[in-house]
2 protein chains.
Amino acid sequence: MKSEKISDAVVRRLPVYLRFLNQLSQREVPTVSSQELGQKLALNPAQIRKDLAYFGDFGRKGIGYDVSYLIEKIRQILNLDQPINVALVGAGNLGQALSNYNAYLKDNMKIVSIFDAFPSKIGTQINNITVQPIEELKETVKANNIRIGIITVPDTEAQRVADVLVEAGIEAILNFAPTILKVPPEIRIHGADFTTDLLSLAYYLEGKEHLSDES
Amino acid sequence: MKSEKISDAVVRRLPVYLRFLNQLSQREVPTVSSQELGQKLALNPAQIRKDLAYFGDFGRKGIGYDVSYLIEKIRQILNLDQPINVALVGAGNLGQALSNYNAYLKDNMKIVSIFDAFPSKIGTQINNITVQPIEELKETVKANNIRIGIITVPDTEAQRVADVLVEAGIEAILNFAPTILKVPPEIRIHGADFTTDLLSLAYYLEGKEHLSDES
DNA sequence: TAGATTGTTAATCGATTAACAATC
DNA sequence: TAGATTGTTAATCGATTAACAATC
């Protein structure tokens with residue numbers, strides 16, 4: 001076990017491990033090797049061992065990793081052994097989809113409040129949560145111990161919403177708007193803009209060569 | 001201009017450049033420097049110049065990049081100078097959100113068909129597109145020159161859908177299901193699972209130290 | 001004991017950044 | 001001409017992978 005700084009690349013693989021381990025657990029598989037994990041997750045086994053070894057000696061030589069134990073450990077590392085409250089800002093189509101999509105519920109994460117700026121949205125119910133005006137965000141975040149904010153507003157509003165979230169004391173933001181947001185360095189922010197993903201896929205389409213002008 | 005292989009990291013930045021350039025274009029800004037791009041996009045200017053130089057000499061020394069010209073070039077590189085048809089598989093909440101979210105329309109990408117396995121969904125209209133059964137996917141993809149597939153079905157169905165898309169001759173897949181899909185190497189696949197993003201954010205929350213057992 | 005598999009060091013690979021001559 | 005900024009090479013940095021002693 002080292003105490004080097006952990007790179008984001010490593011951290012982002014942890015939920016991937018966790019998800020697959022949960023599947024193994026359901027099937028009551030007792031142990032798993034880095035070999036098998038690597039095969040199923042399309043990762044190098046050495047990388048998996050190294051990732052896990054940053055946090056502790058979780059495996060047993062000659063045996064592999066105990067599935068239940070590793071799940072418990074990864075959940076601890078990711079702070080998922082405590083409930084984490086999330087606020088969603090933007091009750092449009094995407095926001096509604098995310099709030100319905102409660103897959104992270106079992107991981108102790110829960111959207112507890114939803115905000116919108118549009119008057120016609122305010123007061124409506126989404127999954128038993130009443131949509132509140134953004135003016136109430138700060139107070140609600142503090143009162144409900146909300147630590148993560150999800151931004152699903154139009155890109156023109158995203159920076160303003162980010163500012164409000166930061167002011168309210170949120171610690172991390174998942175931003176679905178296609179804009180680079182400016183936040184203080186202590187706030188963790190991940191971009192989740194799928195239009196970027198989709199457009200970049202077009203690069204790989206065949207049938208048209210990328211020739212320079214002077215060809 | 002080189003003809004090295006272009007890394008995916010570079011390709012994924014191109015849509016980010018494009019998006020910001022489009023904003024500049026709307027404001028009728030004539031030219032932009034790598035310096036300014038870097039500042040606004042939180043990237044190193046040298047990296048931006050290097051990224052662009054892979055594809056051609058688009059800038060002018062002492063001046064910067066002509067906004068309109070660079071937009072045109074990046075669109076060509078990304079194959080966005082031709083219309084690209086997209087199929088969406090999974091007409092649930094997320095799928096509906098994506099199909100409403102027509103931000104990529106202006107980039108020549110268009111969802112032209114929507115598929116679902118659930119009988120109650122089939123025949124319903126989403127944004128003027130009639131939801132079809134997955135059985136019709138192969139034929140429709142071929143008939144409509146659909147080249148990209150978006151998967152928004154439950155993870156248990158994702159691999160099966162991917163197989164159908166591949167068999168239908170799709171060239172690239174954007175997968176929102178939280179599973180690692182197996183596809184032939186010539187198929188480009190990007191994962192867009194936001195639960196991974198969200199869970200990894202929890203790692204960065206303060207207030208609980210990651211101590212080893214023997215501390 | 002023999003086979004399997006970890007944790008970790010060293011080697012490799014690739015991506016980012018700095019620096020600067022060329023030139024608008 | 002002086003200032004700005006590119007394109008590109010070289011230097012740096014960081015992440016991935018290979019290899020293997022330790023050991024279950």
Side-chain angles (χ1 to χ4, degrees), chain A residues 1-14 16-17 20-21 24 29-70 73-74 77 180 200 203 212-214, chain B residues 1-14 16-17 20-21 24 29-70 73-74 77 180 200 203 212-214:
Chain A
M1 164 137 194
K2 317 290 228 35
S3 49
E4 306 171 39
K5 210 164 323 85
I6 310 296
S7 84
D8 193 46
V10 173
V11 173
R12 279 169 183 268
R13 281 190 291 267
L14 296 178
V16 178
Y17 301 152
F20 184 66
L21 289 164
L24 291 179
V29 177
T31 61
V32 66
S33 66
S34 61
Q35 178 77 206
E36 193 190 340
L37 280 168
Q39 202 159 40
K40 292 295 169 48
L41 302 175
L43 295 170
N44 184 298
Q47 184 172 60
I48 295 173
R49 293 200 298 279
K50 200 162 198 272
D51 283 354
L52 297 174
Y54 282 118
F55 303 100
D57 289 1
F58 300 150
R60 281 211 293 162
K61 292 186 175 66
I63 308 290
Y65 299 90
D66 181 276
V67 170
S68 304
Y69 181 69
L70 191 53
K73 283 301 173 186
I74 295 181
I77 294 163
I180 310 297
S200 71
Y203 174 81
S212 60
D213 284 338
E214 52 280 303
Chain B
M1 166 137 192
K2 317 292 227 37
S3 47
E4 306 170 41
K5 210 163 326 81
I6 310 296
S7 84
D8 193 45
V10 174
V11 173
R12 280 171 183 266
R13 281 191 292 269
L14 296 177
V16 178
Y17 301 151
F20 184 67
L21 289 164
L24 292 178
V29 177
T31 61
V32 66
S33 66
S34 61
Q35 178 78 209
E36 192 189 341
L37 280 169
Q39 201 157 42
K40 292 295 171 48
L41 302 175
L43 295 171
N44 184 298
Q47 184 172 58
I48 294 173
R49 294 200 297 280
K50 201 160 197 273
D51 283 354
L52 297 174
Y54 281 119
F55 302 100
D57 288 3
F58 299 149
R60 282 210 294 161
K61 291 185 174 70
I63 308 290
Y65 299 90
D66 182 276
V67 171
S68 305
Y69 181 70
L70 191 51
K73 284 301 173 186
I74 294 180
I77 294 163
I180 309 299
S200 71
Y203 173 81
S212 61
D213 283 339
E214 52 279 302

Peer 1: Over how many whole Å does the gap from Leu43(A) atom CG to dA15(D) atom C1' extend?
Peer 2: 13 Å
Peer 1: Strictly below 4.0 Å: does Tyr65(B) bring a side-chain N or O up to OP1 or OP2 of dC24(C)?
Peer 2: no
Peer 1: Searching all strands shown, indicate the nucleotide that pairs with dA21(C) (Watson-Crick or G-U wobble; both distances under 3.5 Å).
Peer 2: dT6(D)
Peer 1: When the distance from NZ of Lys61(A) to P of dC20(D) is rounded to whole Å, what number comes out?
Peer 2: 17 Å
Peer 1: Start at the 5' end of DNA chain D and walk down; is the nucleotide closest to Leu52(B) or to Ala46(A) reached first?
Peer 2: Leu52(B)
Peer 1: I need the CG-P distance between Leu37(A) and dG7(C), as an integer number of Å.
Peer 2: 12 Å
Peer 1: Any side-chain N or O of Ser7(A) under 4.0 Å from OP1/OP2 of dA15(D)?
Peer 2: yes
Peer 1: Expressed as a whole number of angstroms, how long is the span from Asp66(B):CG to dC24(C):P?
Peer 2: 16 Å
Peer 1: Indicate whether OP1 or OP2 belonging to dA15(D) is found under 4.0 Å from a side-chain N or O atom of Arg12(A).
Peer 2: no
Peer 1: Do Arg49(B) and Tyr65(B) have side-chain heavy atoms sitting under 4.5 Å apart?
Peer 2: yes
Peer 1: Distance check needed: dT6(C) P versus Tyr69(A) OH, whole Å only.
Peer 2: 15 Å
Peer 1: Please state how far atom CD in Gln47(B) lies from atom C1' in dT8(D), giving the value in whole angstrom units.
Peer 2: 15 Å
Peer 1: Under 4.0 Å between a side-chain N or O of Ser34(B) and OP1 or OP2 of dT6(D)?
Peer 2: yes
Peer 1: Does OP1 or OP2 of dT16(C) have a side-chain N or O of Arg13(B) closer than 4.0 Å?
Peer 2: yes
Peer 1: Working to the nearest 0.5 angstrom, can you tell me the gap between Leu43(B) CG and Asp51(B) CG?
Peer 2: 8.0 Å
Peer 1: Measure the distance from CZ on Arg60(A) to C1' on dG7(C) and round it to the nearest whole Å.
Peer 2: 15 Å
Peer 1: Rounded to whole Å, how long is the line connecting atom CG of Asp51(A) with atom P of dG7(C)?
Peer 2: 12 Å
Peer 1: If you define the side chain from C-beta out and look only at heavy atoms, does anything of Lys73(A) sit under 4.5 Å from Phe55(A)?
Peer 2: no
Peer 1: Take a 6.0 Å sphere around CZ of Arg13(B) and say whether it holds more than 12 heavy atoms from other residues, nucleotides or ligands.
Peer 2: yes
Peer 1: Do Ile77(B) and Tyr203(A) touch side chain to side chain, with heavy atoms closer than 4.5 Å?
Peer 2: yes
Peer 1: Using a 4.0 Å heavy-atom cut-off across all strands, classify Arg49(B) as base, sugar-phosphate, or nothing.
Peer 2: base
